[in-house]
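Data block below; observations after.
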Amino acid sequence: MKKILVTGGLGYIGSHTVVELQNSGFEVVIIDNLANSSIDVLEGITNITKTPPTFERLDLRVKADVTEFFKEHTNIAGIIHFAASKAVGESVENPLLYYENNLHTLVYLLQECRAHNINNFIFSSSCTVYGEPDNLPITEDAPVKPATSPYGNTKQISEEILKDTCAISNLKSIALRYFNPIGAHKTAEIGELPAGVPQNLVPFITQTAAGVRKELSVFGDDYPTADGSCVRDYIHVVDLAKAHVIALQRLMDNKNETQFEVFNLGTGRGSSVLEVVNSFEKTTGEKLNYKIVDRRPGDVISVYADTKKANEVLGWKATKTMEDALESAWKWEQKIRKKKE
Ligand code: NAD
Ligand code: WQD
């Protein structure tokens, strides 16, 4: 059984990936400091896979602890690095937190990779690196635009750090550029757990339907899109999780074409905010209270992936629909509300 380290493995995307790794026969060790997750997620994962992953509560910013971890845990065949801070607005308020948490942690991990000859490294990047794209759908060779937030900047710099490290070592790395992950596991054992008021669309929708929020604000209906609201490529988190297992296997089998590779992970379909709202109402039968408000500063107009490279080179394709994702997100929201009662 190959042992894989998943950092941020109790977080939203990490937890779904741990499930897919275990279901594919990998042994998983999770590092998480619970900064944006709950220890209960461990139970959720175990309820699905019937196998508790090893868990180390550890802050990756503490270099000595990271070094100690790799002394204790030997024979790690690969790393999937999710741990990071991810709130765009917060990164503008507190850039140093983002540069420390998203960059120092990557450097410390890569230093350990070199020390322990761990050569397979999957990194969570983001479509945010493309900014407002010149052409749609977005291919991987579209230019990386100057970042509009410290968060976005950390993803660009991280990719550079990985590329430079691959160039001078045996490290092989894949940066996966996620579009907009949504949904939850179909069992409702794990899902997204936004802290405070959700910034992202789908958790705001489900919390509004659950009565936690009064109404959803739709940020703008005067964009140059079909219905005037912004367009994104919403991808089911379970599809996304599966791509990590495929990417890891690609590196472990030495099937990568270059030492550093980049893939878009999206569906290739663009959906507007209003389409998501309508789809949620239709799928769940819930009426959603919403109003159109001003544009949100910093929002790009329209973003969706060209998935050709992921489909043909990586051998991965999203299979789940928007309805699957919204149904699972709603089931998950209802479950966490019940738990809180
Ligand atoms: P998340 O916040 O749910 O998960 C991140 C996990 O990392 C959390 O459990 C958190 O406690 C942990 N963590 C953070 N800093 C840590 C540290 N210093 N030491 C140990 N653990 C730490 O986020 P997510 O949505 O699952 O995102 C995972 C990754 O994917 C992040 O790198 C994020 O930037 C990237 N990403 C997310 C999205 C999205 O919309 N969710 C889109 C593109 C990229
Ligand atoms: C989606 C659409 C909003 C909330 C962010 C990060 C990006 C990436 C994914 C990590 C937009 C609209 C939202 C609401 C709304 N994360 N919206 N009312 O902005 O595409 O991307 O998450 O890498 O870096 O910026 O996602 O879910 O916030 O918004 O109308 O209450 O929904 O304007 O058009 P976004 P989102």
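Not measured: the values here are computed from a predicted model. When a ligand or atom number is given, it counts from 1 through the structure's own listing order.
Within the cation-pi definition used here (under 6.0 Å to the ring centroid, within 45° of the axis), Lys2 does not qualify as a partner of Phe26.
Here's the thing with Arg232: one of its N/O atoms is less than 3.5 angstrom from an N/O atom of ligand 2. The shortest N or O to N or O distance between Phe219 and ligand 2 is below 3.5 Å. Checking only distances, Leu201 does come within under 3.5 Å of ligand 2, N or O to N or O.
The part of Ser217 lying near ligand 2 is the backbone, judged by heavy-atom distances below 4.0 Å. In Val276, neither the side chain nor the backbone holds a heavy atom less than 4.0 Å from any atom of ligand 2. At a heavy-atom cutoff of 4.0 Å, ligand 2 is contacted by the side chain of Leu216 but not by its backbone.
In this structure, a donor-acceptor pair under 3.5 Å is absent between the side chains of Asn119 and Lys172.
Contact atoms of ligand 2 toward Tyr151: 10 (C), 23 (O), 24 (O) (distance under 4.0 Å to a heavy atom of the residue). Near Asp299, the atoms of ligand 2 lying under 4.0 angstrom from a non-hydrogen atom of the residue are 3 (C), 19 (O), 33 (O). Interface of Tyr234 with ligand 2, defined as ligand atoms under 4.0 Å from a residue heavy atom, comprises 1 (C), 2 (C), 32 (O).
Between the side chain of Asp233 and the backbone N or O of Gly266 there is no donor-acceptor pair closer than 3.5 Å. Checking side-chain atoms of Asn289 against main-chain N and O of Lys214 turns up a donor-acceptor pair under 3.5 Å.
Evaluated for a side-chain contact (heavy atoms from CB on, under 4.5 Å) with Ser15, the options Ile30, Val41, Leu42 yield exactly one hit, Val41.
Among all protein heavy atoms, the one lying closest to atom 6 (C) of ligand 2 is Val88 CG2, 3.8 Å.
Hydrophobic clustering (ILVMFWY, side-chain heavy atoms < 4.5 Å, transitive): Tyr223 and Tyr130 are in distinct clusters.
Here Lys308 does not pair with Asp306 in a salt bridge; the nearest charged N to carboxylate O distance is not below 4.0 Å.
Note on ring orientation: taking the six-membered ring where Trp is involved, the planes of Phe123 and His81 are tilted (angle from 30° to 60°).
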Expected rows: ligand 1 N/O, protein N/O, dist below 3.5 Å:
unit_1   : atom_1 : unit_2 : atom_2 : d
ligand 1 : 2 (O)  : Asn36  : ND2    : 2.7
ligand 1 : 3 (O)  : Tyr12  : N      : 2.8
ligand 1 : 9 (O)  : Gly11  : N      : 3.3
ligand 1 : 9 (O)  : Asp32  : OD1    : 3.2
ligand 1 : 9 (O)  : Asp32  : OD2    : 2.6
ligand 1 : 9 (O)  : Ser37  : OG     : 2.8
ligand 1 : 11 (O) : Asp32  : OD1    : 2.7
ligand 1 : 11 (O) : Asn33  : OD1    : 3.4
ligand 1 : 11 (O) : Ala35  : N      : 3.0
ligand 1 : 11 (O) : Asn36  : N      : 2.9
ligand 1 : 11 (O) : Ser37  : OG     : 3.4
ligand 1 : 13 (N) : Asn33  : OD1    : 3.4
ligand 1 : 15 (N) : Asn101 : ND2    : 3.0
ligand 1 : 18 (N) : Asp59  : OD1    : 3.0
ligand 1 : 18 (N) : Asn101 : OD1    : 2.7
ligand 1 : 19 (N) : Leu60  : N      : 3.0
ligand 1 : 21 (N) : Asn33  : N      : 3.1
ligand 1 : 21 (N) : Asn33  : OD1    : 3.2
ligand 1 : 25 (O) : Lys86  : NZ     : 2.8
ligand 1 : 26 (O) : Tyr12  : N      : 3.2
ligand 1 : 26 (O) : Ile13  : N      : 2.8
ligand 1 : 32 (O) : Phe82  : O      : 2.8
ligand 1 : 32 (O) : Lys155 : NZ     : 2.9
ligand 1 : 34 (O) : Tyr151 : OH     : 2.6
ligand 1 : 34 (O) : Lys155 : NZ     : 3.0

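Residues passing the ring-ring contact (aromatic ring centres under 6.0 Å, His included) test with Phe69, sequence neighbours excluded: His73.
Two rings, from Phe82 and His16, have their centers 6.0 Å or more apart.
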